Structures are given as C-alpha cells and as structure tokens.
Amino acid sequence: MKQSNSIFLNGLNEAQSHAVDHFHGPLLVVAGAGSGKTRALTHRIAHLITEYKVDPSSILAVTFTNKAAREMKDRLELLLAKRLSSLTHGKPWTALQVAEQREIRNRIHREISRELWIGTFHALFSRLLRFDIDKFKDPEGLTWTKQFSIYDETDAQSLIKEIVTQDLQLDPKRFEPKKVRWAISNAKNQCLLPDDLSNNQEGQRGKLVAETYRLYRKALAANNALDFDDLLLIPVQLLQQNEKIRTYWHSRFKHVLVDEYQDTNWTQYELIKQLVTNGKDPSSFQDWNNRSVFVVGDADQSIYSFRAADFRILMGFQEDFGKKSLDNKYDSTLVKLEENYRSTSTILEAANSLISNNKERIDKVLRATRGEGEPIRLTRCDDEIAEAEAVIHRLRILDASNPELNWGDMAILYRTNAQSRAIEDSLVRWSIPYIVVGGLRFYDRREIKDLLAYLRLLINPSDSVSLLRVLNVPKRGIGKTTVQRLSDAASQLKIPLWEVVNDPEAVRSLAGRSAKGLLIFSELINELQSHLLSSSPAELVQLVLEKSGYLSELIATGTDEAEERRRNLQELVNAALQYQEESEDANLEGFLSTAALSSDADNKDTASNRVTLMTLHSSKGLEFPVVCLVGMEQGLFPSYRSLDDPSSLEEERRLCYVGLTRAKEKLFLFHASERRMWGGMREPAIASIFLSEIPEELVKGDIPLSGGATLRREKNLDRLTRIDRQSNKKSFPSEAENAVRKTYSGPSPGKRWSVNDRVEHSSFGEGIITHVFGSGEKISLAIKFSGMGPKILDPRLAPLKLIDE
DNA sequence: CCTTCACACGCCTGC
DNA sequence: CGTGTGAAGG
C-alpha cells in the first residue's frame, strides 16, 4: 500500500516520511522544536486525500490556535493546488497565470479544504454542539438549545460571584469567586461533574466549591449558556451517553490528527478517545481498518498545565493505544522527529543543556542541521527602563548592520504581558514599528463586548448575563434597584429575566420611573429580533449600532476615546464581513462563536514589517531570526509562584526552552538588577536560575557575567522577590452569615393579597397568586392563570378581584 | 433613584 | 495602572 512516489513524500527525511505515510492505526509523533512537524501534518493530510483517497470530510485535525488552523488550511491548499496545476495544466504552479491560480485554489477550497474539520478543540466541538446539543440529557435535567451563548472568563466569573453572594450568602472576600471559578474549571477539565467533585472533597470549603459548581451549572443552563470548559465537557458527556450520536461522529471522522498533544487535558483526551474508538477501551480496540489517530507533540514544550494540560497524556499514548514497543525508532506507534532545521547549533545546545535539568521527560535529543552561528549574548541592565533601551539599542544595531534583516524578523519575548509597557515606550521613542500580540483581546474591549451582548441576546433571550450588560447601555435611566427587583421576580418565578422585561405589564408593575426606559429597551430588542432571519451578521451589527443609540451616543460624546471606540466598532462590522466571506452558511451564531473563541494572536498578521512583542506562551509554534528574551530574573522568570514548587519550576523551564528555540540565528538575553513591580515599589532582582543552566562558553556577556557558582549560591538565599504564599486559611460562612439569609418581603398578615389567594382577572380569568413582590404601598403580584406563563401585575392597576373561598 | 467621582486593591500564562 | 466597588451628589 505504500505510495513512495507520492509528491508529498518528496524532500522529507526518513522519520517525516514515515509519519506522513502512516495510514492505519495510532501513531505518536514526538516532534522536537523546529523539526518540521507542521510540515509533516500538512503533508500527511494532503497525502491521505490524494494517495489513500480519504474523503476530506472524514478528517478531523485539531490545532492549538485558530491561527494555526488557518495556516494549516492555507499551506494545505497550496500543496494541493501545486499538485493540481501539474496534473491539469501540465505546468508548475509558478508558471500559471494569476487567474488560473485563483481558479485552481477556488476549486481546492470548494472540493477539499471546505470539507475538512480543522480548528481548535473548542471551535470544533462547539460546532459539534450546534448540531446535537438539544439531544443532550443532563443527569440533573438541565437543557440547552442550539442558540447557546458562549461565556468568556469575565461572564463566568460574574455568574459565580452572583451565586456565591446571592444563593450561598457567602462573603466574596473570603470565598473568592475567582478562585472558585478556577477550581470549577479545573474540575471540568478533568472530566469531573459536581457530584464527582463533591465526592473528592473532604473539608467544608471543598463541599461548598462543589455546591457552587452545581449551582453554576444550573445557572448556565438557565441562561442557555456554556463556558469554555463546557464546550469540551458537554460533548464528552453527550458522546458517552448517546450511542447513536457517538457512532455517527465515530464513523464520520476516520482520521483524527492532534497537534500540540502535550498540551491536551483529560477532557480533551476523553473526546479523542470517544471519537476514535467509539467509546471502547483503546488498548483493546482492533477496528483500525481505514482509520487512524495521529498525535504530534513534545513533552519538553508542555507549558499549559495551569489550564489543566497534562503531558503524561502524551507520554502514555503508546500504552493507551499501542502495542508494546519493539524497535524504538520506527515502532508502529511511535516516530521521533529529532532533526532541528531551525536554529544554529549554539542555540540548540543552550536549549538542550537547559532542558536537561528537568527530571520529567521523554528521552529525546535535538540534532542540529545548521552551522554554529553566533554566541548568545547576555546583557545585564540597571532596571526595566534600561533593559528596554538596551533591547532597542541591540535591534537598531542589527537593523543598521544587516541589510537582509527587517523589523519583522525580530521578536521580543517576555513572561508577562505587563512587561511590554516599558519596551513599547522605548520603541515609540525610537520610532520603530512594532506590534503587540496578546494582552487585551479585540473581542474583550468594552464596546465590542457590549455589542456582542446585544447580538447574543437577540438569538438567545434566556441569556440574562448579556441582557444585564446592555439593559442600560446606552443609558436609559434603568438603575440598580430596578434591576434588582426585576431579577428577583425572574428568579423566584424561575423564568428568564427577559420574559419579565418583555412583559409591559410586569414592567409597569415592578419598575417605577425607569419603566419607560425598560419599555423602550424591550421594543428595541423585539424590533431587532424581527431582522434576525433576513439580515446578515454584518447588517445586524450595523442595525444594533444604529437602533440602540450606541453609535449616536459615542458621536455625541466626541472625545478621543469615544472616537477610538467607534473605530473599533467599525472594525467589528469588518470582522463580520470577513466572517461572511470565509464561511459558507454564515449565520449570527457562527459569528458569535468565532468571536468568543478567537484570541488576539489569531488576528494579527506577523507578516507586516514590525517588531513583534509577545509573551513566551504566545510564541509557541513561531520562529524568528532574531529573538530577545527579557526579564530573565528570579521571581519573574521563573515566576515567583514556581520557586518553591519543583514541578512548576520544570514547567517554567520548558517555557524557557520554548523561548530559546524560537530563535533561528541570533539570541539575546536580558535581565535587570532592579525592577519596578506594580504601582511603584522598586524591587532588587537577581539573575534567573535558567541563565546558569546555559553553558558559559555559548554566551558572550556585555558585562562580566556572574558565574554559575554565584547563581547557585543566590538560589539558596531567601528570595527578596518571593511573596509569601497565602496560608491555607479556611473560610466558612459564619453562623451570622447563614442567619441573614435573604428574605423577600412576602405578604404580611392583614395585607390584602397573599400567596395562594385565588383571584379573578377581567380578561385572563381565574388564577392563583404565586408570589408577592415588594411591600407597603408598592407591591406586585405574580399570578398563574390557566393556559399561560406567570403574569406579573400591579394590583392597583390590574382589574383584579379576590375570590373568597 | 441614578450618576459621578474617588479610592482601594491586585496581575502570570489563555482557549 | 486599570478596574471594580463604595459613598456623596444631582
């Protein structure tokens, strides 16, 4: 079956060809930095389609970022286009006219790449959920529809905060929503449900976290919303419980490829397993005919354990899926790519030496294929401002003395986003063009989130988080008290907030002066909803902008900041237009998913001729001729949180390894002896331990280096930069806190209206009072009439009379 | 009842 | 340094 004459095997080394040509069964590709794994992945897909005649729609390829997905598609299209051009035109690709090229690419896109499922775990499985989530049966009876909203971290946290303070009546200072959210996220990423978590917990605090998790999940369902973690966890549950759906997707995706496998978590692993083996135990799964699972990764580049990635999943792959190892090199389930085509041998040697300090590794060496290159340069600076100046100075020298180097060939990498500021200042001072990747996402800007909240509300009126966000934006005179009254009513009636807001009588009854604003708002939403089916996403964005008064308010404000926001919103319209161009059946749900799941790094093209600034994490998968790595100091990099924890320190070291191996030609390291942390305090800083792990002979210091001995001695000193870990103090709700459970002012004896009273309404007929809101003069009644949902009425206005028993 | 202003507090990394 | 929360003002 081996097709050794395939053009997609040309120019590959032995190990790469082996990976590309693999057809049946599981294969783990251990791919060191710069060993051509993206090449192997794209060639493999092309090879599967053209040589093994695999239907493109049966290929599922998981990438780590959307950007990587787009690149993979582009490269694949180009590969296939080149092949097609020699087949159909008998000419090499470059000899074709532009129009011919375009026609071929369109054809490839239409017939092949459009059919492929390539994307991040989150993007792919939210797509799957848009098909099947309505068939999901939750053990606690929760339900979702295809119109579900996707909540980002902020939305999720505000929901949790609400639960902690309102439902559980806990002090958010002691039971921090952020930490609780983190614990819940961790559980979800390990495939744990509320009950599982509860059973895992001993102390009261743990039990409370599990209880928050349960309520949080319930709240998400009430909002018809999912958080990022649910996009993976719900599909797992769905595939586990529903054999029909599982078998469908199992039969559909015959070839599954996963990039950056070292950064998968247990929930993602479970997804892969369900799809590949149809839920069977992988070690005994036999039915590999015309089916494969192909994972690529490098345990030394695992840098996401903070979001529950576990590289032991990669290390256990063979045992999970494979037969026992016979020949270590070309085992039927393992290929190692160990030849590095990216970096000079100096850079590689430094990286190899650094990473050898880690204990938890798969044995792997990275062999250089390029020359020695220049020594690594290390610069020590007085503080972060001097550091920024030193970096820029270095880049300017390079720019002046190397005509072949452009600004776009240079990258400045740092541990934390906050470090970019000082460097940006210097770049501006020297008028050097630059781009900052990461940090605040475009879709996290306030005005963008506001507009997206409108759109989410339109398709998913249950989404109360979005409703609350835009209810009074722009200002409609609807204040906190009114909102609280409406929310209380909604939660007691167990109906979405929107149903209260959308009921004019309820509004008139519950709200005072702000009733007018509420009526305007609900009319607005109803009107916008009427355009849902007939308008494109971009048109809808424009409509919301105009009809909501958002745009006119910004124009009226007239400040620079407002103008900036207006431009961003225009950019959102453009993003919607671009989305429409790129996808076949463009709809608003799709656009909103794309928006929720895109990261800042996805949108920036690094092609423009600018110096790139980013965190080490975002640099994964990229390469640059020139790399400057700044802030190599204890407490910063490695981060202070890792200093007393060996396994986090190893992760920091892997991060450093990733950073070093981004460089192709020239590598510059910087550290400062003093640094302003946040606010103003100047903190003395000492050189990073990682510097002492790079062989001295590879490094040339601008200043005399403190040797490894000094560093090792300093290592044992008490860290000035270290911040004491918070002691594990428990925070239980006190007796007092428990005692002040909120009571709504129900009917007091002697009042005219009470719960369970039977009433008669002149047009709705007979009903029963289910709730009484408010007290004194101002009360509202929730009444259940037969044949309709609960109505909220003001007894002073509504034609009601009490029926005597 | 809603808006605005001031102050306190905290930031690692990100789909 | 930005965000979120609280008290005073309108």
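Predicted model only: the values in this text are computed from it and were never measured. The sequence lines fix the lettering, A, B, ..., with proteins before strands; numbering per chain opens at 1.
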Requested in this report: For A:K37, check side chain to side chain donor-acceptor pair (under 3.5 Å) against everything at least two apart and list the hits.
Outcome: A:D259, A:E260
Query raised in the report: Between A:H122 and A:L231, is there a donor-acceptor pair closer than 3.5 Å when you use the side chain of the first and the backbone of the second?
Result: no
Pick out the pairs of N or O atoms, protein on one side and nucleotides 12-14 of chain B on the other, that lie under 3.5 Å.
residue: B:dC12; atom: OP1; partner: A:R641; partner atom: NH2; Å: 3.2
residue: B:dC12; atom: OP2; partner: A:R641; partner atom: NE; Å: 3.3
residue: B:dC12; atom: OP2; partner: A:R641; partner atom: NH2; Å: 3.0
residue: B:dC12; atom: O2; partner: A:R415; partner atom: NH1; Å: 2.5
residue: B:dC12; atom: O2; partner: A:R415; partner atom: NH2; Å: 2.3
residue: B:dC12; atom: N3; partner: A:R415; partner atom: NH2; Å: 3.3
residue: B:dT13; atom: OP1; partner: A:N417; partner atom: N; Å: 2.6
residue: B:dT13; atom: OP1; partner: A:N417; partner atom: ND2; Å: 3.0
residue: B:dT13; atom: O4'; partner: A:R415; partner atom: NH1; Å: 3.4
residue: B:dT13; atom: O2; partner: A:R415; partner atom: NH2; Å: 3.4
residue: B:dT13; atom: O2; partner: A:H617; partner atom: NE2; Å: 3.4
residue: B:dG14; atom: OP1; partner: A:T615; partner atom: OG1; Å: 2.9
residue: B:dG14; atom: OP1; partner: A:S618; partner atom: OG; Å: 3.2
residue: B:dG14; atom: OP2; partner: A:N417; partner atom: ND2; Å: 3.3
residue: B:dG14; atom: O4'; partner: A:R307; partner atom: NH1; Å: 3.4

Query raised in the report: Counting any heavy atom closer than 4.0 Å, what does A:K178 reach on the DNA or RNA strands: base, sugar-phosphate only, or nothing?
Result: sugar-phosphate
Query raised in the report: Listed by chain and number, what are the side chain to side chain donor-acceptor pair (under 3.5 Å) partners of A:D425, not counting sequence neighbours?
Result: none
Query - Position toward the 5' end of DNA chain C (nearest nucleotide), A:T154 or A:R421 - result: A:R421
Report task. Name all residues meeting the salt bridge (Lys or Arg N to Asp or Glu O under 4.0 Å) criterion together with A:D230; count only those two or more places apart in sequence or in a different chain, and write none if there are none. Result -> A:K188
Between the protein and nucleotides 2-7 of chain B, list every N/O to N/O distance that falls short of 3.5 Å.
residue: B:dC2; atom: OP1; partner: A:G479; partner atom: N; Å: 2.5
residue: B:dC2; atom: OP1; partner: A:T482; partner atom: OG1; Å: 3.0
residue: B:dC2; atom: OP2; partner: A:T481; partner atom: OG1; Å: 2.9
residue: B:dC2; atom: O5'; partner: A:G479; partner atom: N; Å: 3.4
residue: B:dT3; atom: OP2; partner: A:N472; partner atom: ND2; Å: 3.4

Requested in this report: Would you please name every residue forming a side chain to side chain donor-acceptor pair (under 3.5 Å) with A:E384, sequence neighbours left out?
Outcome: none
Report summary line: When rounded to whole Å, the NE2 to C1' distance for the pair A:H122 and B:dC15 reads 5 Å
Report summary line: To the nearest angstrom, the CD-P distance between A:E260 and B:dC15 comes to 13 Å
Report summary line: Sequence neighbours excluded, the answer for side chain to side chain donor-acceptor pair (under 3.5 Å) partners of A:E553 is none
Query raised in the report: Between A:Y443 (OH) and B:dC15 (C1'), how many Å, whole number?
Result: 15 Å
Requested in this report: Compare side-chain N and O positions of A:K161 against OP1 and OP2 of C:dG4 and report whether any pair is under 4.0 Å apart.
Outcome: no
Report task. Kindly write out the residues that satisfy salt bridge (Lys or Arg N to Asp or Glu O under 4.0 Å) with A:K475, not counting sequence neighbours, or none if the list is empty. Result -> none
Query - Pairs meeting criterion salt bridge (Lys or Arg N to Asp or Glu O under 4.0 Å) with involvement of residues 261-270 of chain A, two or more places apart - result: A:D263-A:K620, A:E270-A:K273
**Report entry** d(CG, A:N189; C1', B:dC15) in whole Å
**Finding:** 10 Å
